[in-house]
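One structure is given here, and the rest of the page talks about it.
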Protein chains: 2
Amino acid sequence: MAATFVPKLLDDCGSCPIRQRAVCARCEPDELQHLEQIKYYRSFEAGQTVIWSGDRMDFVASVVTGVATLTQTMEDGRRQMVGLLLPSDFVGRPGRGSASYDVTAATDMVMCCFRRKPFEDLLLSTPHVAQRLLEMTLDELDAAREWLLLLGRKTALERIASLLVIIARRRAALGSTSAGGAVVFDLPLTREQMADYLGLTLETVSRKMTDLRQKGMITIAGNRRVTITDLDALAAVTGDDSDGPAVGQPVPGPMRRYAKGGA
Amino acid sequence: MAATFVPKLLDDCGSCPIRQRAVCARCEPDELQHLEQIKYYRSFEAGQTVIWSGDRMDFVASVVTGVATLTQTMEDGRRQMVGLLLPSDFVGRPGRGSASYDVTAATDMVMCCFRRKPFEDLLLSTPHVAQRLLEMTLDELDAAREWLLLLGRKTALERIASLLVIIARRRAALGSTSAGGAVVFDLPLTREQMADYLGLTLETVSRKMTDLRQKGMITIAGNRRVTITDLDALAAVTGDDSDGPAVGQPVPGPMRRYAKGGA
DNA sequence: CGCCTCTTTGAAGAAGGTCAAGCACGGTGG
DNA sequence: CCACCGTGCTTGACCTTCTTCAAAGAGGCG
């Protein structure tokens, strides 16, 4: 129930699980010491709100363990996720004193927080933090642009497959057990949260998950535990041209007006 | 026909129209001199491709005049715009030697290019360029997240209204003639390009533009020249809660399952 | 003046959304 | 240890929005 959080183990950045990927990744020992002076840990339980959009935000942070979401909500309640924060991801914007989005813990979570003002000073004084932050922000922008393609042009089935592949790949990058073909992981999101990510309804998410299951591409145990039978096969359903083309999986709807290019 | 391009006038950064907003905005005179040594201008005609996704890219650049687009294309031809670059916007990613997206001139355009390697060196040596680039990248990320909401949750009419407001506001920021209520500008995009931005088909764009015209919110002259009769009224159609709420403009479809929030 | 491209408009169809039950897993208490 | 309960998930029937296919209209440039 309570967040499994052992701050004692983390007081030393050297043993931090996200040390190599977070905003501090490039820091020299002396810079790290500086960071350690302004850092503190906060833990959240699944479902807890970290901060509401518009609220005063006096810190920035790294996700250490767990998963958080950034969401935007329209006045009538329509909701769109605009960020999915996995371990090592950065929260908050230097130079801005209020939150732009709702930040919510999707799972039990631990964040490594830095008071904002000292962190901003650090950005000006230690280039390695600023450089890493720029790099991470550019990565996030690339991810957001992939996301635009997903929301703008992909079918519901392609969206689901894309999300599963994204999660599977990020899990693998963090060093989980991903055997050759099959990948197993616990979904950090409910169907509704998946829908918010994908620009769909939870019913459509459910239906298309069922489709993938019936096609033998995934198995689902207890709603959350997903086994991807064959990651490459699933990747072929995403519509992306990563390695092997998605040929043989003809696109349901649109098959026209694609003679463009025009050099 | 040919790009109206007067590089002579721009050799001096002091007279550059985007001097205050571009990646060089924070530069001191000596830093600017350094930039001037590695810069060169390129001009493009409307429709020309600046670079193809995947191609080698040995420069980064700022848009000086005109409009460019970043687009992603799926194998079957589905296309989604993922960036709309107006004057002062930045093109290219430091540290990456190839283009991630197709870059196309939507109008006649002039770009101020910097050779990539020297620019990357500059990022490490002159903090003002790196700081400004981080700020601009964060702004782009925010814009991308607004775009995610648009593609994920907005109706076709809301999307059109949103795009018109975005263009109108950016034009105003660059100091065009925006009288109190009415705003006039030339659309820098064809219906098809608007559709690529909005995740719609060009037919739907055309239909909804007609709807806005019939509602008296805009007038259209010669396909491209748009007059926004009342910017605030149009903003109310976007679904955003900027100033005045969008009440009184009930959302067509979804009116349920919005009881969330959960503190 | 005429071609060409871009745009508009119409009619039919499909993907996904909406509303409404019913199901299942996991946790709780008897 | 097992029945109960609640939240989250699945499934069904119907409907709306947007897409698809098709054709005609308008603006711009040669």
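Letters go in sequence order (proteins before strands), and every chain restarts at 1.
- Here the C1' atom of nucleotide C:dT8 and the NZ atom of B:Lys208 are 14 Å apart, to the nearest Å.
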Could you please spell out the steps behind the side chain to side chain contact (heavy atoms under 4.5 Å, CB included) verdict for A:Met209 and A:Met194?
CA-CA 11 Å; A:Met209 290 282 281; A:Met194 292 175 69; 3.9 Å; yes
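- Here the CE atom belonging to B:Met81 is positioned 5.0 Å from the OG1 atom belonging to B:Thr69, to the nearest 0.5 angstrom.
- In this entry the distance linking CG of A:Leu200 with P of D:dT17 reads 18 Å, nearest Å.
- For the pair B:Ile160 CD1 and D:dT17 C1', the interatomic distance rounds to 14 Å; values are reported in whole Å.
- Looking at which nucleotide of DNA chain C each of A:Lys154 and A:Ala221 is closest to, the 5′-most match is held by A:Lys154.
- Between B:Glu158 atom CD and D:dC18 atom C1' there is a gap of 14 Å when expressed in whole angstrom units.
- Judged by distance alone, the side chain of A:Glu146 and the main-chain N or O of A:Ala143 form no donor-acceptor pair under 3.5 Å.
- Atom CZ in B:Arg225 sits roughly 18 Å away from atom C1' in C:dT7 (whole-Å rounding).
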How does each nucleotide of nucleotides 8-14 of chain D score, in 5' to 3' order, for protein heavy atoms under 4.0 Å: base (B), sugar-phosphate only (S), or none (-)?
-SBBBB-
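- Taking atom CG of B:Asp76 as the reference point, atom P of D:dT20 lies 10 Å away to the nearest angstrom.
- Here B:Asp241 contributes atom CG and A:Thr73 contributes atom OG1; the two are 10.0 Å apart, rounded to the nearest 0.5 Å.
- Residues B:Tyr197 and B:Ile166 form a side-chain contact, since some pair of their non-hydrogen atoms from C-beta on lies under 4.5 Å apart.
- Atom CG in B:Leu157 sits roughly 13 Å away from atom P in D:dT19 (whole-Å rounding).
- Side-chain contact between A:Thr229 and A:Lys215 is absent, with no heavy atoms from C-beta onward closer than 4.5 Å.
- One atom, CG of B:Leu198, and another, C1' of D:dC18, lie 13 Å apart when rounded to the nearest Å.
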